[in-house]
2 protein chains.
Amino acid sequence: MTGQVRTVDGRVAGRRGQATRQKLLDCLSEMLSSSPYRDVKVIDVARKAGTSPATFYQYFPDVEGAVLEIADQVAADGAGLAELLEGRSWAGRAGWQTAQELVDGFLDFWKKNDAILRVVDLGAAEGDKRFYKLRMKILNSVNGSLTGAVAELQAKGRVDKDVNPAAVAGSLVTMLAAVASHQKGFTSWGVKQAELKPNLALLVHLGVTGRKPTR
Amino acid sequence: MTGQVRTVDGRVAGRRGQATRQKLLDCLSEMLSSSPYRDVKVIDVARKAGTSPATFYQYFPDVEGAVLEIADQVAADGAGLAELLEGRSWAGRAGWQTAQELVDGFLDFWKKNDAILRVVDLGAAEGDKRFYKLRMKILNSVNGSLTGAVAELQAKGRVDKDVNPAAVAGSLVTMLAAVASHQKGFTSWGVKQAELKPNLALLVHLGVTGRKPTR
DNA sequence: ACTTGTCCTGTCATGACGTCAGCTTACCGA
DNA sequence: TCGGTAAGCTGACGTCATGACAGGACAAGT
């Protein structure tokens, strides 16, 4: 399935090599959590992994290349977010629960991977196609389902004709991602974590169904 | 009012110095638009401004310091976003128009300053207080008014009691900012610019009033 | 022990960083 | 007109990260 892991100079990596490679990725991940992206240096990652910069360059072209690798793993994990919406109903009380669980799951995922995700966000915003694609891969899992839900309700006449399902779904997903990235900002607006979630769920429910939830 | 502009080593900057300083800021701004933040180097900015790196360091401690300066100017400009909501009504047709104009104004502002704003966003997400404060300064102008609008409707009983005005307003503002940053992402979801805006306005209207707009 | 291929690092040229002393320019009062 | 003074700029320098290479260390099979 996935082609063998290869070093930059074309050799196939063996067991030991793969371990070193992974260790470098882990250390890079940690560094991204603890220092600004701009200040993450190859030499620091290598030192932290107990190896030399030259070793780093054997496995990755540069910091960005390694970041893309991590992001790939996260994106694969993120595809599981689709389950949050698989076979869920948006009607009545069930709809309210669907919205709540979506918000919960999404925020958890984002929080767990916040460091790498904000780098992906930056790369995508800067127009880098590789980051852009990864961001899409993550968001699409949720966005597709959400678009489908809106379109379905629209077909049943329960949502206005002039609503664009993809636009609404995309905006909601983007909102969830951004709010997750800036949760701290809400505390200075006097909003606590616990209060934030139901209000987000409310917005999602309103956006998808056009109606207030029945709780 | 504003204390005199000073060089890093404490001298006050005269006319010529201020011009050089501003030129450096302008060139930095351009570079932020054309290359990834991580790759913006002092030496490139200086070259572009037709001066030497040493001159750059006379006015700014580092690239980040200069970015903060630009962001300050943008934040001052962004305070004007409050006008988009000053004295507006959220009732009936007027409410729909308010939502539309808010979306329009916000997206325009973000697009005009996208390069610097995504750096501010990154800094804030990374927990840097200086960037965080600037982001707040920009968003507060809109968020305050929006929170007020929701709270007012809530007082009149037209919005549910258990809605947290600040949480809803903050989420909507965050959504606008994020969507503006990732407008390109929507095209790959098959959503055109022109379609995006009314759907965003719909979400804003729904969030603020809890009802569909009358158009 | 010997070969083979993987894995790592010492070393080096290159180039960015950030500081400093010192040169040039502009302004101002005598 | 002529210094004097402060502003403005840069060349030069030590330090450090980058990225490439060749060669040494190591494990595994023969």
Side-chain angles (χ1 to χ4, degrees), chain A residues 2-32 34-69 119 123 128 130, chain B residues 2-28 30-32 34-69 119 123 128:
Chain A
T2 72
Q4 288 175 312
V5 180
R6 287 182 173 276
T7 59
V8 167
D9 55 338
R11 283 203 290 273
V12 291
R15 229 188 39 254
R16 191 151 76 108
Q18 299 223 13
T20 305
R21 203 183 116 101
Q22 191 57 49
K23 177 152 202 173
L24 284 166
L25 287 178
D26 292 344
C27 291
L28 172 54
S29 241
E30 273 186 62
M31 301 230 56
L32 286 176
S34 59
S35 34
Y37 181 44
R38 203 166 192 284
D39 299 342
V40 172
K41 308 287 180 197
V42 169
I43 197 170
D44 296 320
V45 177
R47 240 199 301 266
K48 190 166 186 133
T51 179
S52 77
T55 300
F56 181 96
Y57 286 107
Q58 198 152 56
Y59 295 104
F60 310 103
D62 49 25
V63 170
E64 208 188 45
V67 165
L68 279 165
E69 199 74 20
V119 175
D128 186 309
R130 298 164 304 169
Chain B
T2 73
Q4 289 173 311
V5 180
R6 287 181 172 276
T7 59
V8 168
D9 56 336
R11 285 204 289 270
V12 291
R15 227 187 41 254
R16 189 151 79 110
Q18 300 224 12
T20 304
R21 204 182 115 103
Q22 190 59 48
K23 177 153 203 174
L24 284 166
L25 287 178
D26 292 344
C27 291
L28 172 55
E30 273 186 61
M31 300 230 60
L32 286 176
S34 58
S35 37
Y37 181 45
R38 202 167 192 286
D39 299 342
V40 172
K41 308 286 180 197
V42 169
I43 197 169
D44 297 320
V45 177
R47 240 198 301 267
K48 191 170 185 125
T51 178
S52 78
T55 301
F56 181 97
Y57 287 108
Q58 200 154 55
Y59 295 105
F60 311 104
D62 49 24
V63 171
E64 208 188 48
V67 165
L68 279 166
E69 200 74 21
V119 175
D128 186 309

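Within every chain, numbering begins at 1; the chains are lettered A, B, ... in the order of the sequence lines, protein sequences first and strands thereafter.
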### Query
Is any NZ, NE, NH1 or NH2 atom of the basic residue among A:Asp44 and A:Arg47 found under 4.0 Å from an Asp or Glu carboxylate oxygen of the other?
yes
### Task
Taking only Lys NZ, Arg NE, NH1 and NH2, and the carboxylate oxygens of Asp or Glu, determine whether B:Glu30 and B:Lys48 approach each other closer than 4.0 Å.
yes
Atom-pair distance ([atom1] on [X]; [atom2] on [N]), nearest Å:
X: A:Asp62; N: C:dA16; atom1: CG; atom2: C1'; answer: 16 Å
X: A:Arg16; N: C:dT9; atom1: CZ; atom2: P; answer: 9 Å
X: B:Asp39; N: D:dA17; atom1: CG; atom2: C1'; answer: 14 Å
X: B:Gln18; N: D:dC9; atom1: CD; atom2: P; answer: 12 Å
X: B:Tyr57; N: D:dG11; atom1: OH; atom2: P; answer: 16 Å
X: B:Lys23; N: D:dC9; atom1: NZ; atom2: P; answer: 11 Å
X: A:Gln58; N: D:dA22; atom1: CD; atom2: P; answer: 13 Å
X: A:Asp44; N: D:dA17; atom1: CG; atom2: P; answer: 7 Å

### Message
Would the distance check show the side chain of A:Arg130 and the main-chain N or O of A:Gly123 forming a donor-acceptor pair, the cut-off being under 3.5 Å?
### Response
no
### Task
Could you tell me whether the side chain of B:Thr7 and the main chain of B:Arg11 form a donor-acceptor pair under 3.5 Å?
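Present.
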### Task
Would you indicate, yes or no, if D:dC9 has its OP1 or OP2 atom less than 4.0 angstrom from a side-chain nitrogen or oxygen of B:Thr51?
no
### Query
Within the pair B:Ser52 and D:dC9, is there a side-chain N or O less than 4.0 Å away from OP1 or OP2?
no
Can you identify which nucleotide, out of [options], has its nearest atom closest to the [X] side chain?
X: B:Ala54; options: D:dT10, D:dC9, D:dG19; value: D:dT10
X: B:Tyr59; options: C:dG18, C:dC8, D:dC9; value: D:dC9
X: B:Ile43; options: D:dA7, C:dC17, D:dC9; value: C:dC17
X: B:Lys41; options: D:dC9, D:dG19, C:dA16; value: C:dA16

### Query
Nearest heavy-atom pair of A:Pro53 and A:Ala46: which atoms, and what distance?
N-CB, 3.6 Å
### Message
At 4.0 Å (heavy atoms only), tell me whether A:Arg15 reaches a base, stays on the sugar-phosphate, or touches nothing.
### Response
sugar-phosphate
### Query
What is the nucleic acid contact for A:Thr20, judged by heavy atoms within less than 4.0 Å: base, sugar-phosphate only, or nothing?
sugar-phosphate
## Note on the structure
Between B:Val42 and A:Gly17, whichever has its closest DNA chain C nucleotide further toward 5' is A:Gly17
### Summary
When B:Arg11 and B:Thr55 are each assigned the nearest nucleotide of DNA chain D, the 5'-most assignment goes to B:Arg11
